[in-house]
Amino acid sequence: MRPAIFPLLPDPGCLLLLLKKKEEQQQHRTESRWFYCTGKHFIHYEGLHHKVSWLFSPARSEITSLDSGNIDDILNNADVALVNFYADWCRFSQMLHPIFEEASNVIKEEYPDKNQVVFARVDCDQHSDIAQRYRISKYPTLKLFRNGMMMKREYRGQRSVTAIADYIRQQKSNPIREVQDLEEISSLDRSRRNIVGYFEQKDSDNYRTFERVANILHDDCVFLSAFGAISKAERFSGDNIIYKPPGENAPDMVYLGSLTNFDLVYAWTQDKCVPLVREITFENGEELTEEGLPFLILFHMKDDLESLEKFQQEVARQLIGEKGTINFLHADCDKFRHPLLHIQKTPADCPVIAIDSFRHMYVFPDFSDLSIPGKLKQFVLDLHSGKLHREFHHGPDPTDVAPGQPIQDLASSPPESSFQKLAPSEHRYTLLREKDEL
């Protein structure tokens with residue numbers, strides 16, 4: 001099955017397009033069928049008409065309509081809020097409305113307190129400022145919020161009443177496992193990132209802060225807690241939180257800040273749960289692109305952990321100050337053969353470092369230069385300054401030319417990228433399909 005009508009997405013990168021294509025292929029093999037509108041176009045998958053079984057008229061539900069005047073107040077006071085970002089002209093938004101309303105009816109019976117769970121919607125044509133604020137580029141998009149904070153993973157399950165209701169129930173479930181014996185801590189799965197809280201009592205401000213953080217980061221870490229006499233041996237200086245990193249011999253790290261300061265606890269826990277260098281896969285690729293930051297990617301063979309460790313060390317040494325301006329990622333060379341082809345590389349060339357700006361891909365000259373002080377940082381700074389883009393099209397800047405070397409001899413030095421064939425146009429997905437057998 002192939003997409004029959006293709007959306008016009010703004011300024012996609014080479015890797016983004018390939019991830020999107022791969023994701024579509026995987027979704028064809030599952031029951032989670034997603035239909036989107038982007039711009040005034042929509043994605044339509046052939047052969048799936050029989051799956052469109054949600055055209056019904058349930059009892060009306062009061063879905064909260066959000067605008068710039070009420071959005072912050074409503075979301076900040078909701079334990080959990082599921083927001084439907086839609087466009088009236090989009091047929092898939094129209095199809096989702098009755099499902100969303102019926103799911104709201106089901107959940108409100110289970111959670112009658114209006115602040116426990118909120119179902120809300122935003123008309124993105126009427127409130128484009130809100131759509132831009134949350135980087136909405138396709139309709140409908142379902143985003144989850146907790147106490148006003150948008151979660152990084154949007155809802156991508158089935159568009160059915162049962163699936164959406166189950167998703168909310170899951171979000172309302174307790175993400176913290178209570179241990180009954182400290183021996184359970186010694187037998188933890190040390191391949192995971194574990195956060196353990198030791199508290200005198202559950203009914204405390206300290207634990208409520210811990211619980212709030214766990215609700216947000218439970219997809220990234222395993223959260224555990226112990227109370228009273230069970231936790232007493234670990235509370236010699238009062239309630240505390242400990243991070244147990246992956247690795248049997250990795251030392252524990254103790255949180256030393258205020259346990260009632262949510263911002264401090266969240267920042268510390270996020271730093272431990274979300275690694276500085278994350279792996280990009282076909283499953284999480286779209287989520288990463290939605291963060292809106294360019295990628296600095298190490299392509300390496302799966303068993304080449306030495307290159308990955310070097311990359312992680314140099315990112316931490318040279319680029320910690322750039323966190324928030326670029327995403328640091330690593331990828332399996334075998335799985336990402338297509339992006340490598342676009343920079344004229346194959347798995348045999350790995351390890352390879354590249355930047356995907358969502359417009360072009362730029363290759364770090366030589367992996368062996370990684371440990372040269374400031375080399376990797378300058379590569380990233382050259383992206384931000386526009387130097388990489390200029391040199392991609394026009395060759396090295398005159399100031400970089402060696403004395404006596406003619407500029408014109410270097411003008412053709414940047415390798416041509418097949419990305420130019422994938423520039424925004426109505427044919428770019430077709431070109432990707434033609435490359436499918438490469």
Side-chain angles (χ1 to χ4, degrees), residues 30-36 51-67 69-88 90-124 126-127 130 134 136 139-178 202-203 207-208 210-219 223 225:
T30 71
E31 290 299 313
S32 299
R33 305 298 201 222
W34 274 104
F35 298 79
Y36 291 118
K51 289 290 181 182
V52 184
S53 58
W54 48 67
L55 296 178
F56 60 95
S57 298
R60 298 292 295 174
S61 173
E62 290 299 322
I63 304 296
T64 304
S65 294
L66 302 179
D67 55 42
N70 67 5
I71 185 169
D72 290 326
D73 182 59
I74 290 174
L75 295 184
N76 289 342
N77 288 294
D79 293 341
V80 171
L82 187 63
V83 181
N84 175 16
F85 294 87
Y86 72 95
D88 270 336
C90 172
R91 61 178 290 203
F92 304 120
S93 290
Q94 297 163 12
M95 289 176 174
L96 182 60
H97 284 321
I99 300 172
F100 197 68
E101 291 174 356
E102 183 64 16
S104 173
N105 288 334
V106 170
I107 290 299
K108 283 183 178 179
E109 290 183 4
E110 300 175 27
Y111 302 96
D113 186 331
K114 67 177 183 179
N115 289 331
Q116 281 186 298
V117 179
V118 170
F119 277 70
R121 60 188 172 198
V122 175
D123 184 333
C124 293
Q126 295 295 321
H127 304 289
I130 298 178
Y134 295 112
I136 305 301
Y139 316 107
T141 292
L142 297 183
K143 292 280 191 181
L144 185 76
F145 293 78
R146 290 184 179 276
N147 302 111
M149 180 181 291
M150 184 179 74
M151 301 296 97
K152 62 183 180 181
R153 293 178 176 89
E154 68 183 58
Y155 176 75
R156 289 189 174 88
Q158 282 184 283
R159 292 180 184 176
S160 70
V161 172
T162 300
I164 293 175
D166 285 345
Y167 173 72
I168 293 299
R169 294 186 190 102
Q170 183 183 26
Q171 298 305 314
K172 291 295 292 180
S173 64
N174 189 353
I176 305 171
R177 177 164 68 89
E178 184 176 344
K202 183 177 290 189
D203 185 15
Y207 180 72
R208 278 187 282 272
F210 183 72
E211 188 176 37
R212 187 177 168 192
V213 170
N215 274 318
I216 296 170
L217 295 172
H218 62 87
D219 287 333
F223 286 84
S225 63

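What you see is a predicted model, and the numbers here were worked out from it, not measured in a lab.
- Side-chain contact check for E110 versus Q116: every heavy-atom pair is 4.5 Å or farther apart.
- In this structure the side chain of R146 never reaches within 4.5 angstrom of the side chain of D79, judged on heavy atoms.
- Taking the six-membered ring for Trp and the full ring otherwise, the centers of F119 and F100 sit less than 6.0 Å from each other.
- Using a 4.0 Å cut-off between charged side-chain N and carboxylate O, R153 and D219 make a salt bridge.
- Put simply, the side chain of D88 does not reach to within 4.5 Å of the side chain of S93, judged on heavy atoms.
- Note on ring orientation: taking the six-membered ring where Trp is involved, the planes of Y86 and H97 are perpendicular (angle over 60°, cut-offs 30° and 60°).
- Annotation: the span from L75 atom CG to N147 atom CG amounts to 10.0 Å, rounded to 0.5 Å.
- Looking at R121 and L66, their side chains never come closer than 4.5 Å, going by heavy atoms from C-beta outward.
- The heavy-atom pair separating N215 from H218 by the smallest distance is O-CD2, 2.9 Å.
- A side-chain donor-acceptor contact under 3.5 Å links Y155 to the backbone of Q158.
- Remark: side-chain polar atoms of D67 are not paired, donor with acceptor, to backbone N or O of I130 under 3.5 angstrom.
- Within 6.0 Å of atom CG in D203, 12 or fewer heavy atoms from other residues, nucleotides or ligands are found, so the atom counts as exposed in its surroundings.
- A 4.5 Å side-chain heavy-atom check between T141 and E154 finds at least one atom pair inside the cut-off.
- In this structure, OH in Y134 is found 6.5 Å from CZ in F85, a value given to the nearest 0.5 Å.
- With rounding to the nearest 0.5 angstrom, the CG atom of L142 is 5.0 Å from the CG atom of L82.
- Taken from OG1 in T162 to CD in E102, the straight-line distance is 9.5 Å, to the nearest 0.5 Å.
- To the nearest 0.5 Å, atom CG of residue L144 and atom NZ of residue K152 are 13.5 Å apart.
- Rounding to the nearest 0.5 Å places CG of N84 at 10.5 Å from CD1 of I99.
- In this view, D166 and R169 satisfy the salt bridge (Lys or Arg N to Asp or Glu O under 4.0 Å) rule, not counting sequence neighbours.
- In terms of heavy atoms, I107 sits closest to A165 at CD1-O, 3.6 Å.
- Within the cation-pi definition used here (under 6.0 Å to the ring centroid, within 45° of the axis), K172 qualifies as a partner of Y111.
- Under the side chain to side chain donor-acceptor pair (under 3.5 Å) criterion, K202 pairs with E178, not counting sequence neighbours.
- Nearest heavy-atom pair across N70 and S65 is ND2-O, 3.1 Å.
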